[in-house]
Amino acid sequence: MDRYNPQEIEKKWQDKWETEQTFCAAPKGKDLPTDLNTPKVFLAEMFPYPSGAGLHVGHVRNFTIVDVLARFYTQQQMNVLRPFGYDTFGLPAENYAIKTGISPQEATKTNIANFRKQLKRLGYAIDWSREINTSDPDYYKWTQWCFLQLYKKGLAYRKESYQWWCPVDQTVLANEQVENGCCWRCGHEVEKKKMKQWFFKITEYADELLSDIDSLDWPDKIKTMQRNWIGRSEGAEIEFEIVSEKSEKSEKSEPKYIKVFTTRPDTVFGATFLVLAPEHPMIKNLVNDKTRNEVEKYQSDALKKSEIERQENKEKTGVFTGSYAINPATGEEIPIWVSDYVLMGYGEGAIMAVPAHDERDYDFAEKFDLPIKEVIEKPENSDDTEKCYHGEGKLINSGHLNGTDSADARELVVNWLSQQGVGKPKVTYKMRDWLISRQRYWGCPIPIAYDEDGNEYPIPEDQLPVVIPEVKDYKPDNTGRSALAKAKDWLTFEMEVKDKKTGKIVRKKLTRETDTLDGYACSSWYLWRYVSAHDKSHAWDSKAVKYWAPTDIYVGADHAVAHLLYIRFWCKFFADQGYLPFREPVKTLLYNGYINAPDGKKMSKSKGNVIDPLDVIDQGYGADTLRTYEMFIGPYDQDAAWDPKSVGGVYRFLNRCWTLCFDEKMQDAKAKADKNRVIRHKTIKKVTDDIHRHNFNTAVSSLMEYVNELYKEKASKEDIITLAKLIKPFAPHLGSEMLEKMQSDDVWPVWDEKYLVSDTVEIVVQVNGKLRAKISVSTDDLEDQEKIEKLALAEENVKKFIPGEVKKVIFVKQAKLVNVVA
RNA sequence: GGCCGAGUGGCGGAAUUGGUAUACGCGUUCGACUUAAAAUCGAAUGAAGAAAUUCAUACGGGUUCAAGUCCCGUCUCGGCUACCA
C-alpha cells in the first residue's frame with residue numbers, strides 16, 4: 001500500500017481541475033447553466049484585499065466555509081456559482097507606491113498572481129472564469145456607471161462638511177487613518193476642516209434599511225449593530241422663538257426661531273435653557289459685543305479638539321451666547337448656550353435642555369448654575385436612584401397637562417404645539433449620509449468634471465471609464481488633492497456640454513474631479529458583477545442576475561455595518577431603478593470568527609506569532625489537513641486559537657481514511673452482513689444536517705467517530721465510498737482520490753430513516769432523576785410501556801434506591817428513559 | 001455609562017425540542033510492534049474513594065418527575081457602542 005502523500009495527490013487533482021475547468025458554473029463564455037430548472041445556489045466570501053503577505057489562516061477559514069458549502073451543494077446536484085475576486089483599491093498599495101515608486105497597478109498585479117496561486121494550492125472550487133478585480137478599468141467602468149445612476153437621481157451630491165485634516169501632511173484623512181487623534185503618518189494632531197465633499201444619500205433609505213433587517217437570515221449581532229447604527233428615534237421638532245435684543249436696532253431677515261429635536265416633548269415645561277452645537281450656523285446672530293469673543297474662541301477650540309479629548313473629557317464646557325428664547329409651553333425666557341456636548345450632525349444641532357430629567361443637561365445646569373425644574377413626578381415605587389429621573393411618571397408643573405401620564409403627554413404636547421405652529425412630530429436617525437470622496441490616487445476616479453465656474457458635469461456613460469492616469473509621484477499635492485492632480489494631460493480636457501446658462505451645446509474646457517471613490521463603493525455591487533463577469537455592455541446581465549442572485553450565502557468576518565449596510569443600500573436603489581428584481585442582496589450571512597495565535601493573542605507580524613497556511617501545507621500536512629483542521633477547530637462563528645498539535649490529530653484522521661481505502665487488510669470484501677449500516681446511515685444524516693446548520697466542527701467529529709468504528713469492524717466498499725463522499729467537501733483531494741480508487745460516482749449519499757435504529761436499544765433508568773441502571777430491550781418493545789416499566793422496576797440497583805412507595809413512573813420514549821419517582 | 005454575547009475536564013470543545021453531562025480532538029499514562037526511536041495500533045483518562053457511592057457545567061436561589069439548557073439575583077470575561085437629546 002502506498003502511504004498517504006498529500007503533496008502528490010493534491011498536485012494531481014489541482015492540475016486536473018485546472019485543465020478541465022471543473023468549477024465553471026456555466027458553459028464556456030456563458031453566464032447561465034444549460035438547465036435552468038435545476039435549483040441554484042450562489043455562494044461568496046467577502047472578497048479579500050490581496051496584500052503582499054499572501055493568504056493568512058483567517059482567509060483560509062473564511063474561504064473554506066464557502067468551499068465546503070460549494071462542494072456539498074455540487075454533490076447534491078445543484079447549480080452552484082462560487083466565484084472569486086479581489087478588492088484591490090486602498091491605502092496599502094498607495095503607501096507602498098509612495099515608498100518604493102512601484103506603481104499600485106504593478107504591485108496589485110503581482111499580489112493577485114500570488115493570491116491566485118495560493119488559492120489553487122488550497123483546492124478551492126472556484127469558477128476562475130469569473131475572477132474580478134475592482135481596480136481593473138473593465139470593472140471600475142461600471143463602478144463609475146453606478147455612481148452616475150445615483151448622481152442622476154440626486155443620491156450622489158456635494159456638500160460642505162467637516163473632515164479630519166492633518167496640517168503637516170496637508171491632506172484629508174479618513175477615520176481609519178486617525179489614530180488616537182493623530183495623523184497615522186506623521187503623528188501630528190489632526191483638526192477638523194470644512195471641505196466640499198461627495199456623499200451618497202443613504203439616509204433616503206434609512207427606514208427601509210431598518211425595517212427589512214427583520215427579514216434577514218443574518219446573525220443577531222450584526223442585525224443589532226445595524227439597527228443601532230441607523231439609530232431611529234421618534235420625537236418632535238420644536239421651535240423656540242428668539243428674543244431679539246432691545247438695543248439692536250435692525251429687524252433684519254435673520255431667522256427668528258431655533259429648531260430643536262427632542263424625544264421627550266412631554267418634558268417641554270421643564271426646558272430651562274437651549275444648547276447649540278459649536279458649529280451651529282445661527283450662533284453668529286445670537287452673540288453680542290460682550291459675548292462675541294468668548295463664543296468665537298469656544299467655537300474654534302471645539303473644532304481643534306480631537307476625538308480622544310472629547311471622549312476622555314466628559315466634564316461639561318460651554319458659553320452663554322447672550323441671547324434668550326421663549327419656551328413655547330411656559331412663555332418664559334430661557335438663555336441660549338453653546339456647548340460641544342450637542343452634536344451638529346444629529347437632529348437640528350440644537351437641544352432644549354431639561355436638566356431635571358436628562359443627566360447631561362443636569363450636569364451642565366449644575367456646572368453653570370442654571371435652573372432645574374422638575375416636571376415629571378417619580379412614582380413612589382420607583383427604585384431609580386439616579387440624580388435626575390428619566391423614567392415615566394405623572395406630569396407636574398406643566399400647566400394644563402398636570403396629572404397626565406408622561407407617555408400620553410408626548411402626543412398631547414406635540415399636537416398642542418403644532419396647533420400653534422411651533423412643533424411637529426419628527427423622526428431622526430443617527431446614520432449620516434455616506435462620505436465617499438477620498439483625496440487619494442489609488443481609487444476609482446469620480447466621473448465628474450467642472451467648468452471654470454465650478455459647475456458639475458457628469459462624464460457621459462459612453463465615455464467611461466475615466467481611467468486612472470499613470471503618475472511618477474503618488475504623494476498628494478499641497479492643496480490636499482490626490483496625486484491625480486499631477487497628471488496634467490489628464491486633468492483638463494474639452495468636452496461638448498450643455499451650457500448651464502444658455503442651454504446651448506458648447507465645447508468647454510473642463511477640469512476633472514481629482515477625488516476618488518471610497519473603496520466601499522467598488523464593493524457595493526460586485527456580487528452582481530459575478531453573475532456576468534465579462535459582460536462588455538452592462539454592469540450585470542438582467543437574465544443572469546435574475547437566475548443567480550441574490551446571494552444565497554455570504555461569508556465573512558468583518559464589515560458588520562459599513563460594507564454590509566452599503567450593499568443593502570445599493571440593492572434597494574438599483575431595485576428602484578429596475579435593474580434588480582430583489583431588494584436585499586444577501587439571504588444568509590455567516591459571520592465567521594477569527595483565528596488567533598496559539599497563545600490566544602491576535603496574530604501580528606510584530607509579535608512574530610503568525611501562522612502561514614502555506615507553511616502548514618508545505619510541512620507535509622497538505623491542504624486537506626489544513627482545511628479540515630480549520631473546520632474542526634470550533635464553531636465557525638467563534639474565535640479560536642491555533643493549536644499545532646491538533647493539526648497533527650486531523651492529519652492522523654485523514655491518514656486513517658486513506659488506510660481504510662487503500663489497505664485491503666482494513667476491508668471486509670466478502671462480509672455477508674452489513675455490520676456498519678446503522679452508524680453509516682447515522683453519519684450520513686449527521687454530516688448532512690450539520691452542513692445545513694453550518695456546524696462544520698461536529699460534522700468532522702462525527703466522521704472521526706465513523707472512522708473509529710470502521711477501524712474496529714472493518715469497512716465494506718459502501719462504507720468507504722460513503723466516507724469518501726462525506727469527507728470530500730472538507731478534504732476534496734483525498735475524497736476525490738478515494739472515489740477514483742473505488743470507481744464511484746460523486747453523488748451525495750442519502751440516509752434511510754429505517755436504518756437509523758438498531759435491533760436493540762438501551763433504556764436509561766433513573767430514580768428521582770439520578771441514573772441507576774441501564775436495560776437493553778428490543779426496539780419493538782419501545783412501544784410496550786408497561787413492559788419496560790416492569791423491567792425497570794425489577795432492576796436490583798433500582799429497587800435499592802426506592803426507599804418506600806413508588807409514586808410515579810415516567811417513561812419518555814424519545815429519550816429512551818424511565819424515571820421512577822419515589 | 002448603554003446594548004449584546006459567553007462562562008462545561010489539564011486544553012479546544014460536544015450535548016440540535018428540558019431527558020444518560022464531558023462526544024470528537026489535543027495532552028498525559030500504560031501496553032503492542034521495534035535492537036532502539038519515530039510512525040502506527042490498542043487501552044485508560046472530570047474529582048474524591050479500595051469499593052459501593054458521592055460531588056461536579058462561574059456563584060446563590062427558584063420552577064420541574066428531570067435543569068449545562070427555563071426563571072430571578074450576583075460575579076467574571078469578551079464584543080460593539082459611546083454626550084445621538
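In what follows, chains are A, B, ... by sequence order, proteins preceding strands, each numbered from 1. Bear in mind the structure is a predicted one, so any value in this text is a computation, not a measurement.
Here G78(B) presents its C1' atom at 14 Å from OH of Tyr594(A), a figure rounded to the nearest Å. Distance, Met344(A) CE to C83(B) P: 16 Å, rounded to whole Å. With rounding to whole Å, Ile679(A) atom CD1 is found 15 Å from A23(B) atom P.
Residues Tyr566(A) and His559(A) keep their aromatic ring centres 6.0 Å or farther apart. Taking the six-membered ring for Trp and the full ring otherwise, Tyr257(A) and Phe240(A) have centroids separated by 6.0 Å or more.
A donor N or O paired with an acceptor N or O is not found under 3.5 Å between the base of U20(B) and the side-chain atoms of Lys816(A). Side-chain atoms of Lys221(A) and base atoms of C80(B) include no donor and acceptor less than 3.5 Å apart.
Looking at Asp358(A) and Arg264(A), no side-chain N of the basic residue comes within less than 4.0 Å of a carboxylate O on the acidic one, giving no salt bridge.
A close approach under 4.0 Å does not occur between any side-chain nitrogen or oxygen of Arg3(A) and OP1 or OP2 of A39(B). Residue Arg772(A) has no polar side-chain atom (N or O) positioned under 4.0 Å from OP1 or OP2 of U20(B).
In this entry A39(B) has no Watson-Crick or G-U wobble partner, no candidate having both defining distances under 3.5 Å. Nucleotide A14(B) has no partner under the Watson-Crick or G-U criteria, as no pair reaches both atom distances under 3.5 Å.
Closest to the side chain of Ser701(A), out of U20(B), A23(B), C3(B), is A23(B).
Glycosidic conformation at G27(B) (O4'-C1'-N9-C4 for purines, O4'-C1'-N1-C2 for pyrimidines): anti, more than 90° from 0.
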